[in-house]
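Below is one structure; the comments refer to it alone.
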Amino acid sequence: GTYDPVYDGCGNWPFNVAYASEHGLGGYVERFSSLADVERLVARGIPVIASIKVAPGELEGTPYKSTDGHLLVVRGFTEAGDVIVNEPDGEPGAIRRVYERDQFAHVWQHGSRGAVYVIAPPADLPAPQS
C-alpha cells in the first residue's frame, strides 16, 4: 500500500501518511527539535513514529549493530525520561525496548534531524508545529 515505483521502495514519507488516511487516520510529517515535543504528544496518548540512524555503539540495546535509517514507535517515557519504544526489529516478546534518552536523542537528531510521523484518529490529531 505504500510502494513508490519512482523511489522503488516504501520509504516515501508522504505515501505512508496517505496510506494511513485510507484507513481512517490523519497524519503529517514533522521535524521536532527535542524529545520534549514527542513527550507532549505521547502524554496525550498519541504515539510518535521516529526515524533514527545508528552507527555501531551509538544506541545500546538495539537488535541491530547499525542502520542507515530505521523507523520505530515512541510509545512512552520512563520516570527517568528514557525512551520506551516499539522496536519492529525485535523478536516476538522483545518488541518493547527502553533506550537511554541521550543516546536516543542523538541517533534521532543526527540521523533524521528530528523527523517523525504523527498519525492518529482525525479527532485526536493536533495541528502541526511548523
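Counting side-chain heavy-atom gaps under 4.5 Å among Ile, Leu, Val, Met, Phe, Trp and Tyr, the cluster of Val42 also holds Tyr28, Phe32, Leu35, Val38, Leu41, Ile46, Val48, Ile52, Val54, Leu59, Tyr64, Leu72, Val74, Phe77, Val83, Val85, Tyr99, Phe104, Val107, Trp108, Val116, Val118, Leu125. With side-chain heavy atoms closer than 4.5 Å counting as contact, directly or through intermediates, Tyr7 stands alone and belongs to no larger hydrophobic cluster.
Residues satisfying the side-chain hydrogen bond (donor to acceptor under 3.5 Å, both in side chains) test with Asp124, not counting sequence neighbours, are none. Among residues two or more places apart in sequence or in another chain, the side-chain contact (heavy atoms from CB on, under 4.5 Å) test is passed with Tyr19 by Thr2, Glu22, His23. Under the rule for a salt bridge (Lys or Arg N to Asp or Glu O under 4.0 Å), Glu87 has no partner lying at least two apart in sequence or in another chain. For Asn86, the side-chain hydrogen bond (donor to acceptor under 3.5 Å, both in side chains) partners at least two apart in sequence or on another chain are Arg75. Residues passing the side-chain hydrogen bond (donor to acceptor under 3.5 Å, both in side chains) test with Ser21, sequence neighbours excluded: none. Scanning for salt bridge (Lys or Arg N to Asp or Glu O under 4.0 Å) contacts around Arg101 gives Glu39, with sequence neighbours left out. Evaluation of the side-chain contact (heavy atoms from CB on, under 4.5 Å) rule for Asn12 yields Asp4, Pro14, Phe15 as partners, not counting sequence neighbours. Applying the side-chain hydrogen bond (donor to acceptor under 3.5 Å, both in side chains) criterion to Arg40, with sequence neighbours excluded, gives Asp37.
Residue pairs that meet the side chain to side chain donor-acceptor pair (under 3.5 Å) test with at least one member in residues 47-59, sequence neighbours left out, are Glu58-His106.
For the residue pair Gly61 and Arg97, the shortest heavy atom distance occurs at O-NH1, 2.6 Å. Of all heavy-atom pairs spanning Pro126 and Arg44, the tightest one is CB-NH1, 3.3 Å. Across every non-hydrogen atom of Gly90 and Pro63, the tightest pair is N-CG, 4.0 Å. A pairwise comparison of heavy atoms in Ser112 and Ala115 identifies OG-N, 3.0 Å as the closest pair. When all heavy atoms are compared, the tightest approach of Gly24 to Pro122 is O-CD, 3.2 Å. Smallest separation of non-hydrogen atoms from Pro47 and Val73: CB-CG1, 3.7 Å.
No continuous path of hydrophobic side-chain contacts links Ile84 to Ile49 [ILVMFWY only; heavy atoms under 4.5 Å].
Put simply, the side chain of Glu100 never gets that close to the backbone of Glu60: no donor and acceptor are under 3.5 Å apart. Listed for the Arg113 side chain is no donor-acceptor partner under 3.5 Å among the backbone atoms of Arg31.
In this structure, Ile119 CD1 and Asn16 CG are separated by 7.5 Å, a value rounded to the nearest 0.5 Å.
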